[in-house]
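Structure first, commentary second.
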Protein chains: 2
Amino acid sequence: MAERRFTIADVARRAGVSKGAVSFALNGRPGVSDETRARILAAAAELGWVPNRQARALSTARASALGLVLARAPELLGADPFFPAFIAGVEKVLAARDQALVLQVVTTPEAEREGYRRLARDRRVDGVFVVDLRRDDERIALLEEIGLPAVTLNRPDVPSPFPAVVLDDRPGIAAAVRHLVDQGHTKIAHVAGPEPYLHAAARRQAFTDAMGEAGLDGRVVDGDFTAAGGRDATRRLLTGPDRPTAIVFANDVMALSAIAVAAELGLRIPDDVSITGFDDTDLAGYVHPALTTVRADAGGWGEVAARTLLALIDGPEDADVTDTALPPAELVLRNSTAPTPPTPQETQ
Amino acid sequence: MAERRFTIADVARRAGVSKGAVSFALNGRPGVSDETRARILAAAAELGWVPNRQARALSTARASALGLVLARAPELLGADPFFPAFIAGVEKVLAARDQALVLQVVTTPEAEREGYRRLARDRRVDGVFVVDLRRDDERIALLEEIGLPAVTLNRPDVPSPFPAVVLDDRPGIAAAVRHLVDQGHTKIAHVAGPEPYLHAAARRQAFTDAMGEAGLDGRVVDGDFTAAGGRDATRRLLTGPDRPTAIVFANDVMALSAIAVAAELGLRIPDDVSITGFDDTDLAGYVHPALTTVRADAGGWGEVAARTLLALIDGPEDADVTDTALPPAELVLRNSTAPTPPTPQETQ
DNA sequence: CACACGAGATAAACCGCTTTAGTCGATCCG
DNA sequence: CGGATCGACTAAAGCGGTTTATCTCGTGTG
């Protein structure tokens, strides 16, 4: 194995032209006649020549790769169907263009910063996806500083020069609230995601807004997207005073753990308490009762994000790539929601 | 931004030596006196010089990156805590050595082969991790053919020149079976993973063996690691003739979906049916009843696999890197298992 | 004292591709 | 009809490192 590969010089010799001509021909650049171009392409094909990416990278200063830095605790990643689907979408676009995806999984903020810095310093990637936006996200400034092109998933709350690919979570949550209100619920609570995340904040806001529109006042407690956090929050809600008859969770894992809490407290879902989730994980439709939840197209998000990032990188300096909006998240009705229990005044 | 970066020539000039000397000094190679070396390092530090990876790559023909090709359906990836943890472990090792991880997610066998080929052809990576081994896995031959170093997660059933990092799932399954037998169960079934996967086969075999050792004969039905598959298999088992009193699942997702099936059939877990899972997903401890399952150290697996692969790549030709064994998977006892129901003869 | 030797360092080749500066005819134009 | 112009193509200079072939001393040896 590993016999010497052919180089551009071999192709040039075989086609009887110079190296430069070969380069022009292969990159579809003007400067060679159609006839010569054909001859060169034929020669390259006959030799089975493939360009050496490293050499090309050295002259063009292009990595032909995009980066993704994931700063999540492994247990959060493990249960989240978002990333696999997102990445699959990204790959669909990248594979066709001979681009690669460089992944970094980190756990601390320092490691995250260092991750982006390394990607830029080592010229590993030509651009990055910024996911899991946080309030006052310092990554925007960091990326500007190190001059690394980026695309953000949703719009940051700080000024950002980068294009955003927007998928609105809020309609899904709003629909969930409306659905519950329609069923007669008035005491509805929300178990939110971790404070700093913009998507958690958006879901929280959507909940509050939708409740307001219904003339209701909803309680919000903090969760952390983990099963343990979901259990604790749910327990607090269901054992505390003025128990809600419905809970809107910011993700499925927390909602799923609520099923256990309810069971332990002797409460039936949906008869005593209705719940909704967010993500539509594989399991959501296969628990008892099947979970009413909210679904977003993570794969599509990945595709569009990848295309946007590539356009930003390849495009001419001035061509400013604009934001794109995707179809918003939508409600998936299943069996974890039901009309309010008939006895509104249970003191218990 | 993007002001010209310093090159090795700048460092050489500042230290008053030649480019070659700088290269030697920075790579800890003999050929420069300690004094000169110090001067060169100082000059490099003062300029804040960082080597250009692409240039280095061109001369050394090294990508300083490792690859991982994942051929799984997104819904399988989304619920599986294995990969995030595995990747996190890998990264821990790679980050410290300035190596990157190139990820590819594909869905078809052709795309998978093409993925490996692309990684090799484009010199994206110096080696790859081979996960989710299958029977007669053609990837071993493929990787040999294209000359891409690899490390396999567990040992393939075909002759393989690559080192394997072994984590035995079987003791975990065996322990689960013994635990159930100890509780008085005799009618124990297994919902297996997809046939072609070696890990699924190993778990199945471990189940059969352990049952045999207990003098029992266990029924095995096929699952596919998805929630839908788990539900179907469980339904078949619980509604069919000669209902088992315990089911050992090949993963958590299927086990979790069994909880719903049992509920729908009016069966209580663990009173009527005991179940065990595999993976110890985040949710496992937070469902009702909390799931008895099997846990393996995916992160550790990633670390060792990465170290092994790097050793294989960097090491001298002859140094043959050997297999490594990790602590086997172990049983995590929770509440989804209980002694056999007292009425063994319920006709229903 | 001539000579071999090795450590320390340099100059230059090289990795394989891109790109710039030129060369060379053929064509256009006043 | 002579010079400007243009298209096709070549030679060579990068890109920023690594590596090899050489050169230069100072030193130990017979």
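- Across all strands, B:Val22 comes closer than 4.0 Å to no nucleic acid atom at all (heavy-atom distances).
- Residue pairs meeting the ring pair (Phe, Tyr, Trp, His ring centres under 6.0 Å) criterion with at least one member in residues 30-61 of chain A: none, sequence neighbours excluded.
- The backbone N or O of A:Pro196 lies less than 3.5 Å from no partner atom in the side chain of A:Arg135, so there is not a single donor-acceptor pair.
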With 3.5 Å as the limit, what N/O pairs link the protein to nucleotides 19-26 of chain C?
{"unit_1": "C:dT19", "atom_1": "OP2", "unit_2": "A:Arg29", "atom_2": "NH2", "d": "2.9"}

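- End-to-end axis angle for the helix from C:dC1-D:dG30 to C:dG30-D:dC1, using five pairs per end and rounding to 10°, comes out at 50°.
- Considering only side-chain N and O atoms, B:Ser18 lies under 4.0 angstrom from the phosphate OP1 or OP2 of C:dT10.
- Ring orientation note: the planes of B:Phe83 and B:Phe86 are nearly perpendicular, at an angle over 60° on the 30°/60° scale.
- A salt bridge links A:Arg134 and A:Glu112; the closest N-O separation between the charged side-chain nitrogens and carboxylate oxygens is under 4.0 Å.
- Residue A:Pro51 is classed as a sugar-phosphate contact, given heavy-atom separations below 4.0 Å to backbone atoms only.
- The side chain of A:Thr7 contributes no N or O atom lying less than 4.0 Å from OP1 or OP2 of C:dC15.
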Verify salt bridge (Lys or Arg N to Asp or Glu O under 4.0 Å) between A:Glu303 and A:Arg307, making sure each step is shown before the conclusion. CA-CA 6 Å; A:Glu303 283 184 53; A:Arg307 258 195 283 277; 3.5 Å; yes
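- Of the side-chain N and O atoms in B:Arg56, one or more sit less than 4.0 angstrom from OP1 or OP2 of D:dT18.
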